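What you see is a predicted model; the values in this text were computed from it and never measured. Chain naming here is simple, since letters A, B, ... match the order of the sequence lines and numbering starts at 1 in each.
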2 protein chains.
Amino acid sequence: MKIGDLARRAGLSVHTLRYYERIGLLPRAERDGGGRRDYDAAILTWIGFLRRLKTTGMPLREMQRYAGLRRQGDGTGPERRALLEAHRETVRAQVEELQACLSVLDAKIESYRTADTAGKGTAP
Amino acid sequence: MKIGDLARRAGLSVHTLRYYERIGLLPRAERDGGGRRDYDAAILTWIGFLRRLKTTGMPLREMQRYAGLRRQGDGTGPERRALLEAHRETVRAQVEELQACLSVLDAKIESYRTADTAGKGTAP
DNA sequence: CTACGGGTTTGAGTGCGCTCCAGGTCAAGC
DNA sequence: GCTTGACCTGGAGCGCACTCAAACCCGTAG
């Protein structure tokens with residue numbers, strides 16, 4: 001698979017794919033005769049996982065660390081696991097905070113709703 | 001209240017407070033004789049709300065829009081409400097996505113756990 | 001009186017995560 | 001043979017949200 005195809009399938013730009021390779025998030029792709037990257041479809045799984053990490057707010061630095069451990073092989077399992085467990089906790093906290101914010105939003109919207117049906121504005 | 005006190009109470013830096021005033025997120029604070037900002041404690045409520053918006057991923061641009069509407073007074077209630085309702089939907093989607101990511105993380109961690117108790121590494 | 005710990009402004013600098021550009025190579029189609 | 005389009009590299013540039021620097025002004029304590 002060429003980088004353009006991968007970009008389409010992964011939902012990232014070719015720029016981003018090359019950038020991720022540069023910084024070590026993606027393994028250096030094999031090249032064809034003309035020096036062009038030629039990807040195995042399996043890379044999509046890894047990219048999908050990276051996306052989960054990014055979605056959950058993990059900075060690239062930490063993804064680099066994880067990717068580095070992964071490159072170093074099986075022995076690093078416990079370390080990778082610890083990294084993910086720590087991250088899981090931050091994501092849990094994040095979800096809780098968002099839910100609290102949602103309640104506040106709901107209340108605020110409700111206050112606009114009642115101010116709307118009644119006559120006068122009340123909410124800040 | 002002076003800007004330093006407010007910064008401590010609001011959990012923002014004085015730099016950030018001045019920056020927020022510059023870009024219109026905070027109303028221009030009243031000044032004392034020496035030209036220094038002198039805040040009313042009520043501003044904390046507004047800052048708290050801004051923080052909720054920021055926590056939930058609203059870009060400053062949109063907060064500026066909301067703050068602008070607020071400055072324009074009661075007539076803008078419906079518009080502000082619409083803005084918040086739209087934002088609420090994005091936050092809901094965000095929470096759902098995070099929860100999906102959490103399941104993936106859980107699964108991944110579990111796979112490391114079993115690979116840990118068993119002999120050989122399995123997980124990517 | 002002077003030193004100090006705040007405060008003021010404008011404008012520049014920072015870190016992150018891309019995003020794009022210049023200048024080039026290569027393979028396929030007309 | 002020539003054009004087109006996708007790809008290559010190294011490095012510059014961008015948008016966001018701060019963050020800090022320089023040069024200055026106050027008010028109070030010692």
Q.
Can you confirm whether B:Glu30 is buried at CD, in the sense that more than 12 heavy atoms of other residues, nucleotides or ligands lie under 6.0 Å from that atom?
A. no
Q.
What is the distance, to the nearest angstrom, from the CD1 atom on A:Ile23 to the P atom on C:dG17?
A. 8 Å
Q.
Check this one for me: any side-chain N or O of B:Tyr20 less than 4.0 Å away from OP1 or OP2 of D:dA17?
A. no
Q: Among D:dT9, D:dC7, C:dC18, find the nucleotide with the atom closest to the side chain of A:Arg31.
A: D:dT9
Q: In plain terms, say whether B:Asp106 and A:Arg88 are close enough for a salt bridge, that is, a side-chain N and a carboxylate O under 4.0 Å apart.
A: yes
Q. Quick one: B:Arg51 CZ to D:dC18 P, roughly how many Å, whole number?
A. 11 Å
Tabulate protein N/O versus nucleotide N/O from nucleotides 23-27 of chain D, keeping only pairs under 3.5 Å, one per line.
from: D:dC26; atom 1: O4'; to: B:Arg36; atom 2: NH2; distance (Å): 3.2

Q: Let me see the working for A:Tyr112 and B:Arg80 under side-chain hydrogen bond (donor to acceptor under 3.5 Å, both in side chains), right down to the final yes or no.
A: CA-CA 8 Å; A:Tyr112 278 121; B:Arg80 283 185 263 167; 3.0 Å; yes
Q) Over how many whole Å does the gap from A:Leu25 atom CG to C:dC18 atom P extend? A) 9 Å
Q: Output yes when a side-chain donor or acceptor of B:Arg9 lies under 3.5 Å from a complementary backbone atom of B:Ala7, and no otherwise.
A: no
Q.
For B:Met58 and A:Asp38, find the nucleotide of DNA chain D closest to each by heavy atoms; which residue's nucleotide sits nearer the 5' end?
A. A:Asp38
Q: Would you please confirm or rule out a distance under 4.0 Å between OP1 or OP2 of C:dC16 and any side-chain N or O of A:Arg61?
A: yes
Q) For B:Arg52, which residues count as a salt bridge (charged side-chain N to carboxylate O under 4.0 Å, His left out) partner, sequence neighbours excluded? A) none
Q | Check: A:Leu25 main-chain N/O paired with A:Trp46 side-chain donor or acceptor under 3.5 Å | A | yes
Q | Gap between atoms CE and P, on B:Met1 and C:dG6 respectively (whole Å) | A | 17 Å
Q. For DNA chain D, whose closest nucleotide is more 5', that of A:Gly35 or that of A:Arg22?
A. A:Gly35
Q) Could you give the CG-to-P distance, from B:Leu26 to D:dC18, as a whole number of Å? A) 11 Å
Q) Just wondering, do A:Tyr39 and A:Arg37 contact through their side chains at under 4.5 Å, heavy atoms? A) yes
Q) Tell me, which of residues 8-19 of chain A have any heavy atom that sits under 4.0 Å from an atom in DNA chain C? A) A:His15, A:Thr16, A:Tyr19
Q) Atom CD1 of A:Ile3 to atom P of D:dT9: distance rounded to whole Å? A) 8 Å
(Q) Counting only heavy atoms from other residues, nucleotides and ligands, does the tally under 6.0 Å from CD of B:Glu97 exceed 12? (A) no
Q. OP1 or OP2 of C:dC26 less than 4.0 angstrom from a side-chain nitrogen or oxygen of A:Arg37, does that happen here?
A. no
Q) What's the CE-C1' distance between A:Met63 and C:dG17, to the nearest Å? A) 10 Å
Q.
Please tell me whether A:Thr55 and A:Arg51 have a donor and an acceptor in their side chains that are separated by less than 3.5 angstrom.
A. no
Q. Quick check: are there more than 12 heavy atoms from other residues, nucleotides or ligands sitting under 6.0 Å from CD of B:Glu96?
A. no
Q | Atom pair distance, as rounded to whole Å: CD in B:Glu21 and P in D:dA17 | A | 19 Å
Q) C:dG11, C:dC18, D:dA17: which one has an atom nearest the side-chain heavy atoms of B:Leu60? A) D:dA17
